[in-house]
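What follows is a set of notes on a single structure, which appears directly below.
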Protein chains: 2
Amino acid sequence: MAPPPPTTVPPLAVLVVRILTFICLLISVIIIVTNTVTISNGISEVKIKFNDFYAYRYMLSTAVLGIAYTLVQSAFTIFRVSTGNRIGGDASAQIDFYGDKLISYVLATGAAAGFGLSVDSNRGNGSESSDTKDFFDKANAAASLLLIGFLLSAISSVISSLSLPKSG
Amino acid sequence: MAPPPPTTVPPLAVLVVRILTFICLLISVIIIVTNTVTISNGISEVKIKFNDFYAYRYMLSTAVLGIAYTLVQSAFTIFRVSTGNRIGGDASAQIDFYGDKLISYVLATGAAAGFGLSVDSNRGNGSESSDTKDFFDKANAAASLLLIGFLLSAISSVISSLSLPKSG
């Protein structure tokens with residue numbers, strides 16, 4: 001088999017992927033934070049929020065971390081697109097490689113933890129109020145966006161792996 | 001900053017990481033499959049198994065997939081260690097790169113989905129039987145082993161990224 005052709009991904013494509021990641025994560029965070037449900041049994045009311053569940057707290061943490069990372073990386077990429085230079089040269093490619101890898105794993109686990117709780121919590125709840133179902137449906141929506149964010153960050157990670165400086 | 005020194009990871013180290021991954025995943029599968037609890041209220045009994053939960057079924061699928069992949073890769077690595085040749089050359093390095101990346105993401109989501117369900121299910125259950133707690137504790141143990149398996153596969157993924165053929 002012939003070796004694959006050299007891969008040089010234009011910085012603009014990298015930037016677009018990062019910005020899309022950022023948008024997905026931002027919407028996901030907004031959905032998680034605004035997701036509340038009030039359950040009433042006629043006498044007392046119980047308000048359920050995302051931070052009553054460890055899984056959703058973790059999901060939020062990963063999304064916020066992802067947003068912070070994507071913002072910083074986008075700033076560097078914009079610099080690269082506009083000037084054609086790479087701050088830090090080879091070392092910067094190494095940082096991209098490990099950073100993208102780490103963040104994509106973090107986002108993957110965040111989305112999976114959210115789904116892990118929501119999917120099973122949303123089953124067999126026929127007896128419960130449709131408010132509860134709404135709550136877990138919204139949590140699922142947030143997890144789905146986080147999943148898309150993860151897939152985009154995985155693309156970033158593949159790109160930064162392929163553009164590692166050639167050393168061996 | 002100076003560029004990092006060339007990285008050439010010996011195939012034997014690669015093999016050791018893969019075998020450790022395999023062992024972790026195998027123990028994790030055994031724990032998941034054998035994890036059952038019988039809840040009795042004095043009149044009737046309900047048996048709860050891992051396949052009553054989507055999150056644990058997914059966890060099991062990812063672990064089994066991981067085992068299959070690790071076995072095949074170990075076989076190829078043993079061939080490489082014993083003969084010093086690499087089947088497929090550069091193309092094989094590409095397959096390792098994408099395969100390791102994919103499997104490490106799969107394992108990460110499997111472990112996270114397991115934790116996402118177990119951690120919250122194990123909280124605030126003071127009123128429930130200690131059998132239920134045992135069940136979720138065991139599920140947590142399986143998820144922990146899967147997490148270790150994921151971390152090991154992430155190491156494999158870094159190694160296979162660094163040993164990509166030089167193209168750019």
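So you know, we letter chains A, B, ... as the sequences are listed, proteins then strands, and number each from 1.
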Exercise for review: Let me know if A/Ala93 has heavy atoms under 4.5 Å from chain B in its side chain, its backbone, both or neither.
Suggested key: neither

Review point. Taking everything shown except A/Phe50 itself, do over 12 heavy atoms lie less than 6.0 Å from its CZ?
Key: yes

**Study point:** Option in B/Ala108, B/Ala55, B/Ala113, B/Gly114 with maximal non-hydrogen atom pairs under 4.5 Å from chain A
**Key:** B/Ala113

Practice item. Would you check if the side chain of A/Asp120 reaches a backbone N or O of B/Tyr54 as a donor-acceptor pair within less than 3.5 Å? Key: yes

Check your understanding: Using non-hydrogen atoms only, which part of B/Ser157 is less than 4.5 Å away from chain A: side chain, backbone, both, or neither?
Key -> both

Practice item. Go through the steps to decide whether A/Phe115 and B/Tyr58 satisfy the test ring pair (Phe, Tyr, Trp, His ring centres under 6.0 Å), and finish with yes or no. Key: CA-CA 11 Å; A/Phe115 277 122; B/Tyr58 179 71; 9.3 Å; no

Check your understanding: Do B/Leu164 and A/Leu164 have side chains that get closer than 4.5 Å, going by heavy atoms?
Key -> no

**Study point:** B/Ser161 versus A/Lys101, closest heavy-atom pair with distance
**Key:** OG-NZ, 3.8 Å

Point to revise | Largest heavy-atom contact set with chain B, pairs under 4.5 Å, which of A/Gly110, A/Ala111, A/Ser118, A/Ser104 | key: A/Ser104

Check your understanding: Between B/Leu147, B/Val119, B/Val158, which residue shows the highest count of heavy-atom pairs closer than 4.5 Å to chain A?
Key -> B/Val158

**Study point:** Heavy-atom pair count under 4.5 Å with chain B, highest-scoring of A/Tyr98, A/Phe150, A/Tyr56
**Key:** A/Phe150

**Study point:** Where B/Gly116 and A/Leu117 come nearest, the two heavy atoms and their spacing
**Key:** O-CB, 3.6 Å

Exercise for review: Measure the acute angle between the ring planes of B/Tyr105 and A/Tyr105, then classify it against the limits of 30° and 60° as parallel, tilted or perpendicular.
Suggested key: tilted

